[in-house]
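The block underneath contains the structure these notes are about, expressed in C-alpha cells.
Counting begins at 1 with the first residue of the sequence. Both ligands and their constituent atoms are indexed starting at 1 by order of listing.
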Amino acid sequence: MPNTSKSILDTPIEYLKGVGPIKADLLKKELGIFTCMDLLQSYPFRHIDKTKFHKINEINTADDFVQIKGILNRIQIHGTQRKRRLTAQLKDNTGRMELVWFKGVNWLEKNLEAGMEYIAYGKINYFNGRYNIPHPELSLPNDKITTSSHLAPVYHSTEKLNSKGLDSKGRRKIIFLLLQKLKEVPLAEHLPDYILQKLKLMDRHEALVNVHFPKNEIDLKQAIRRVKFDEAFYFQLRMSQLKADRLQNIKGLVFDKVGAYFNTFYKECIPFELTGAQKRVIKEIRADLGSGVHMNRLLQGDVGSGKTMVGLLSMLLALDNGYQACMIAPTEILAQQHFVSLKKDLSQLNIEVAYLAGSVKGKKRKVLLERLASGEIQILIGTHAVLEPPVVFKNLGLAITDEQHRFGVAQRSKLWQKNKPIPPHILVMTATPIPRTLAMTAYGDLDVSKIDELPPGRKPITTMHKKEENRLYVFGFMKKLITEGRQVYIVYPLIEESATLDLNNLMQGYESLERDFPKPEYQISIVHGRMKTEDKDYEMQRFIRNETQIMIATTVIEVGVNVPNASLMIIENTERFGLSQLHQLRGRVGRGSDKSYCILMSKNNISKDSYKRIQTMVNTNDGFEIAEADLRLRGPGNIDGTMQSGVNMFKLTDIIRDSEMIKVCREMAIRIFEKDPNLTMDVHKKMRAHLEQNFHLVKGWSRIS
Ligand code: ADP
Ligand code: MG
C-alpha cells in the first residue's frame with residue numbers, strides 16, 4: 001500500500017483491508033463510495049453514547065433512537081419463506097421489549113445466543129399497541145472498536161448493506177481501520193492559517209478523525225463545524241471562481257446603443273409609471289448588455305411585480321442594436337398570452353413579432369422558420385419548441401425564459417447554442433421566490449436582480465381557509481362578487497398519475513356549479529389539459545373578454561395569466577397543492593383595483609403538514625416568507641423539481657440550519673476573489689490546489705443558469 005495520506009485516500013475501496021470486491025461493489029452501488037476518501041467522507045448522521053442506556057419502562061415515543069442493555073431470550077422464528085421473521089425478547093431490570101428481524105433470519109438464528117447479555121441499538125417502532133425495535137444493531141457489552149471513546153458513530157444503511165455486514169457496525173470497523181492507517185501520515189491542512197485562526201476551526205486531520213470517532217461531545221461539535229465549513233466554503237469559492245471566469249473569459253455581445261425602439265416605447269407607449277424597482281433592474285440589465293461581458297442574469301420578482309415589462313424593454317435594447325430576441329414560456333397558454341399582449345404593446349412600433357409552439361405546423365411553420373433565419377422576424381415568442389435544433393436565428397442577441405422553475409437545466413443550456421460564436425445574453429425570469437440560502441448556493445454564480453416592489457394600487461389579497469361544509473357560504477360569496485361585476489377562478493389540482501381521477505373531480509365540480517350558477521344569468525368557462533389547444537384558447541379568450549364570469553380550470557392557469565377583473569380565486573383540494581404552487585395561483589388575482597380574495601378549500605380532515613401550508617398562505621402574502629416555509633416543510637431537495645444540481649451537494653451542511661455559516665463562507669469567498677482573483681498568493685496556494693482537485697464541477701456548468 002502506498003504511504004502518503006493522499007495516495008491512501010485515492011486508493012480504490014476494494015483494496016482497503018476488510019472490504020474486498022463484493023463489499024466494494026455494494027459500497028459503490030448503494031452509497032457511491034469508490035475510494036477511501038469517499039469512505040472517509042461518508043459521515044455518521046449521529047453518535048450513540050455507549051455509556052448511556054435507556055430503561056425499557058421509560059420508553060414512550062416511537063421514532064426515538066434508544067440503546068438498551070439486557071438479556072436476550074425467547075428467540076423465535078415465525079412464518080415461512082418470504083414472510084419469515086425472527087423475534088427475540090430483551091429484558092432489563094425494568095421490563096421486556098421485543099426485537100424483530102425480517103432479513104438475515106438464518107444467520108441470526110445460528111448466531112444469537114439466548115441467555116446472554118446484549119446491547120441493542122435502534123429506532124423505536126409502535127406496533128399493535130406495543131413498542132418494539134425492528135432490525136436493531138446488536139453488540140456484546142465488551143465488543144470494542146475504539147478504546148478511548150464512549151461515542152460510537154451511526155451510519156445510514158440499507159437492507160442490502162446490512163445483509164453483507166456493512167451495517168453501521170461493519171462500516172464503523174472499516175472506517176476505523178482506515179483512520180488507523182492515516183495515523184502515520186496525517187492529512188494535510190489546506191486552509192490558510194488566517195482563516196483557521198479567525199474562525200477558530202479545528203485542524204483538518206483532527207476533524208476527520210473526530211467526526212467519526214470523537215473523544216468527547218465538544219470535539220465532535222468542533223469536528224462537525226469544520227467539516228461543514230469545508231463543504232460550504234469550497235462550494236462558495238467554486239461559485240466565485242465560475243463567476244470570475246465567466247466575467248473574464250466569456251465574451252458578450254455588446255449592445256451599446258439605446259435607440260429608437262427603446263426610447264419611443266419608453267416615452268410613448270407605457271401606460272403607467274414604472275416602479276422604482278423596475279427602473280433599477282432595467283439599469284442593471286442595461287449595464288450588463290453594454291459592457292461586453294456575457295449576461296447570465298436571474299430576475300426574481302413576486303407574482304404581479306411586472307417582470308414582463310422589464311423583459312420587453314430588454315428585448316427592445318437587443319433590437320436597437322440590430323439583434324433578434326426571444327422569450328420562452330412553459331405553457332402554450334402563457335406563451336400565447338405573452339404574444340398577444342406584446343403585439344398589442346408594440347402596435348405603435350414597426351416590429352415583427354412571431355409565435356412558435358408545437359401547434360404551429362406545416363407550411364406556416366416552414367415560412368416562420370425562413371423568416372426567422374433571414375432576420376425578418378425580430379421577436380419570437382414561444383414554448384420549448386423554440387429550443388429545437390431546426391429553429392435557427394439570424395442573430396439572436398437576447399433569450400428570456402419566463403417562469404423559470406418549469407424549465408430543466410438541460411433545456412436552458414440549449415439557449416446558449418442559439419447564437420454563434422458568441423452566445424446570446426440570458427435573462428431568466430422567475431416568480432418562484434427563491435429562499436435566500438438557496439439562492440446563495442444553487443444560483444451562486446449568477447447575477448441576481450430583484451423586483452422587490454409591487455406596482456402601486458395593488459391591494460393585499462385576503463386569504464381564507466374553508467372546508468367542504470362551508471360550500472354554501474362560498475357559493476354565496478361568489479354570487480355577491482359576480483353581482484358586483486367581478487370574475488372568479490376555480491382551480492382543481494392536476495397530478496399526472498391520476499389525471500383521470502382529477503378530471504372527474506373537475507367535471508363533477510363543473511356540474512354542481514352549473515346547478516347553482518344557471519345560464520343565462522351565469523356563464524362558465526372550463527379549461528383542462530385534455531382539451532385541444534384551440535378550445536382552451538377559445539375558453540380563455542371568452543374569460544379574458546369578460547363574457548364568462550367563472551373560469552373553472554386545472555392548474556393550466558397556474559402561471560402568468562392576467563385578468564385584472566378576476567378578484568376571487570378558489571382553490572379546490574388545497575391539501576394537494578404545494579406551497580409555491582398555491583402562491584403562484586393566488587397571484588392570478590389582486591391585479592386590478594378591486595379588493596381580492598383567495599379561498600382555500602379542503603376536506604374536513606387534513607394532515608398536519610397540509611394545515612401548516614394552508615395557515616402559511618392565510619397568514620402571509622410575502623413570496624419570500626412562503627418560500628422559506630416551503631423549504632422548511634419539504635426539505636431543499638423537493639423545491640418544485642428545480643435546481644437539483646445545486647441543492648444536495650452537501651453531506652453535512654444543511655442549507656437552512658447552517659444558513660448563517662453559508663453566509664459567512666460566501667462573504668469570505670467573495671472577499672478572497674476580490675483580493676486574489678486567480679488564487680495565486682502564497683497563502684492561498686494549498687487552498688487552490690484543494691479546490692481544483694476536489695471541486696471539478698461538470699464543465700460548462702456555469703453556463704447553464
Ligand atoms: P409578473 O411579474 O407576475 O410576470 P406581469 O409582468 O404579468 O407580472 O405584470 C402584472 C400586471 O401589472 C400587468 O397587467 C402589467 O401590465 C402591470 N404592471 C406592470 N408594471 C406596472 C407598473 N409599474 N404600474 C402599474 N402596472 C404595472
Ligand atoms: Mg409573468
Quiz item: So, Thr463 side chain and Val618 main chain: donor-acceptor pair closer than 3.5 Å or not?
Solution: no
Practice problem: Work out whether the distance between some heavy atom of Met429 and some atom of ligand 1 is less than 4.0 Å. | Solution: no
Quiz item: With a 4.0 Å cut-off on heavy atoms, is Gly301 touching ligand 1?
Solution: no
Atoms of ligand 1 less than 4.0 Å from [X] heavy atoms?
X      : answer
Thr275 : 23 (N)
Glu273 : 22 (C), 23 (N), 24 (N)
Thr308 : 4 (O), 5 (P), 6 (O), 7 (O)

Quiz item: Can you name the one residue among Lys450, Lys307, His583 that meets side-chain hydrogen bond (donor to acceptor under 3.5 Å, both in side chains) with Asp302?
Solution: His583
Exercise. Measure up the Phe543 and Tyr489 rings against each other and bin them: parallel (under 30°), tilted (30 to 60°), perpendicular (over 60°).
Key: tilted
Exercise. Examine Phe272 against ligand 1 and note whether any of their N/O atoms are separated by less than 3.5 Å.
Key: no
Quiz prompt | Test of proximity, Gly304 against ligand 1: N or O pairs below 3.5 Å | solution = yes
Quiz item: Mind checking whether Ser610 and Thr574 have side chains closer than 4.5 Å, heavy atoms only?
Solution: no
Quiz item: Just checking, is any N or O donor in the side chain of Thr548 or Gln523 under 3.5 Å from an acceptor N or O on the other one?
Solution: no
Practice problem: Indicate, as side chain, backbone, both or neither, the part of Leu274 found under 4.0 angstrom from ligand 1 when only non-hydrogen atoms are considered. | Solution: backbone
Quiz item: Which part of Gln278 is near ligand 1, with near meaning a heavy atom under 4.0 Å away: side chain, backbone, both or neither?
Solution: side chain
Quiz item: Taking only residues two or more places apart in sequence or in another chain, which ones pass ring-ring contact (aromatic ring centres under 6.0 Å, His included) with Tyr597?
Solution: Phe477
Quiz prompt | Set of residues satisfying ring-ring contact (aromatic ring centres under 6.0 Å, His included) with respect to Phe339, sequence neighbours excluded | solution = Tyr355
